[in-house]
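Read through the structure below, which is laid out as structure tokens, and then see the notes.
In this text, all values refer to a predicted model and were calculated from it rather than measured experimentally. Indexing begins at 1, ligand by ligand and atom by atom, following the structure's order.
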Amino acid sequence: MTGKVYLVGAGPGDPGLMTLKGKTLLECADVVVYDALVSPAVLGMINPKAEAINAGKRRSAHSMSQATITTLLAEKAQTAAVIVRLKGGDPFIFGRGGEEMMALVAAGIEVEVVPGITSGVAAPAYAGIPLTHRDYSSSVTFVTGHESAGKYRPQVNWRAVAQGSETIVIYMGIHNLGRIVPELIAAGLPDTTPVALIRWGTRAEQEELIGSLATILEQVEATEFKAPAIAVIGKVVEVRSHLIPGLAAPLACD
Ligand SMILES: C[S@@+](CC[C@H](N)C(=O)[O-])C[C@H]1O[C@@H](n2cnc3c(N)ncnc32)[C@H](O)[C@@H]1O
């Protein structure tokens, strides 16, 4: 065994949010196996001499199974020195990085994880939503809204989520929002609770949809709002209107 696999978080899209360690690894990689949500700007950092393999997995377009990806990484580790497994956001936050690392470690392959900035933190920040602004929120819950929760991972207890913290951040929730919103209202959240959906957060094409639990489903339908997006539910969404003047300014040194 000659190679080492680095499980690297690519961040949410803005290439400026890539870690220095991750960028250095991309620049010296022999092989990079990347996911669908990694932004083109980050892919542009890959060593031109590296073998870049798209393992892209987006809803209804699974190009490689999890087992195939793990086998591929293990194979590459036989012949290459630096293998980067590049995942959107942070590899351990709803990214199946834990599963991949377990399989590689079990196969005797050396693995190191390089965290990335997760979209559930970065997208709200770029949209002007401070998740734990102290006037509004003492806690935040990160939760999956994917339909398969309950099948491959524990079922989400939406009642506990609604009652457990002031700010709720939902990954992969857009397709299932029609089921999630009624659950949160049934659990006691007022239908006036503010909601923000942030699509392609931190990228040039970022777009937001702001409403409340009462309005958001109609808004999604009316605007044909699509994934990938983060949903933020809670009073902190209101802070956004005060922060908008300070957003999207060019870097001071540009
Ligand atoms: C399989 S999860 C991967 C999450 C990733 N590991 C992370 O830490 O951000 C994919 C979901 O992350 C969210 N997501 C990823 N990148 C995003 C972005 N730039 N803007 C908004 N949501 C994003 C969406 O909810 C998407 O459906």
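Heavy atoms of Thr202 come nearer than 4.0 angstrom to ligand 1 in no pair at all. Taking a 4.0 Å cut-off on heavy atoms, Ala229 registers as neighbouring ligand 1. Using a 4.0 Å heavy-atom cutoff, Gly88 is listed among the residues neighbouring ligand 1.
Between the side chain of Glu51 and the main chain of Val31, no donor-acceptor pair closer than 3.5 Å is present. Here the side chain of Arg199 pairs no donor or acceptor atom with the backbone of Ala229 at under 3.5 angstrom. Side-chain N or O atoms of Glu110 include none that pairs as donor or acceptor with a backbone N or O of Lys4 at under 3.5 Å. Between the side chain of Gln163 and the backbone N or O of Gly188 there is no donor-acceptor pair closer than 3.5 Å. Checked by atom type and distance alone, the side chain of Asp30 pairs as donor or acceptor with a backbone atom of Val82 at under 3.5 Å. A donor-acceptor contact shorter than 3.5 Å links the side chain of Asn47 to the backbone of Ala29. With Thr118 contributing its side chain and Val121 its backbone, the two residues share no donor-acceptor pair below 3.5 Å. In terms of modelled atom types and a separation under 3.5 Å, the side chain of Arg159 and the main chain of Ala186 share a donor-acceptor contact.
Applying the ring-ring contact (aromatic ring centres under 6.0 Å, His included) rule to Tyr6 yields no partners; only residues at least two apart in sequence or on another chain are considered.
Nearest protein heavy-atom contact of atom 22 (N) of ligand 1 is Ile230 CG1, 3.4 Å. Of all protein heavy atoms, the one closest to atom 10 (C) of ligand 1 is Leu37 CD1, 3.6 Å. Regarding atom 9 (O) of ligand 1, its nearest protein heavy-atom neighbour is Ser119 OG, 2.7 Å. Regarding atom 11 (C) of ligand 1, its nearest protein heavy-atom neighbour is Met172 CG, 3.6 Å.
Polar contact with ligand 1: present for Gly201 (N/O pair, distance under 3.5 Å). Taking any N or O of Asp90, backbone or side chain, at least one lies under 3.5 Å from an N or O belonging to ligand 1. Of the polar atoms of Ile170, none of the N or O atoms is found under 3.5 Å from an N or O of ligand 1, judged by distance alone.
Close contacts of ligand 1 with Ile93, meaning ligand atoms under 4.0 Å from a residue heavy atom, involve 4 (C), 5 (C), 6 (N), 7 (C), 8 (O). Applying the 4.0 Å criterion to heavy atoms of Phe94 picks out, from ligand 1, the atoms 1 (C), 2 (S), 3 (C), 4 (C). Per-residue contacts place Ile198 under 4.0 angstrom from the following atoms of ligand 1 (heavy atoms of the residue considered): 21 (C). Each of the following atoms of ligand 1 lies closer than 4.0 Å to a heavy atom of Pro12: 19 (N).
Nearest residue to atom 26 (C) of ligand 1 from Pro228, Gly116, Pro115 is Pro228 (criterion: closest heavy atom).
A donor atom on one side chain and an acceptor atom on the other are not found under 3.5 Å apart for Thr223 and Gln219.
Both the backbone and the side chain of Thr118 come within contact range of ligand 1, each with a heavy atom under 4.0 Å.
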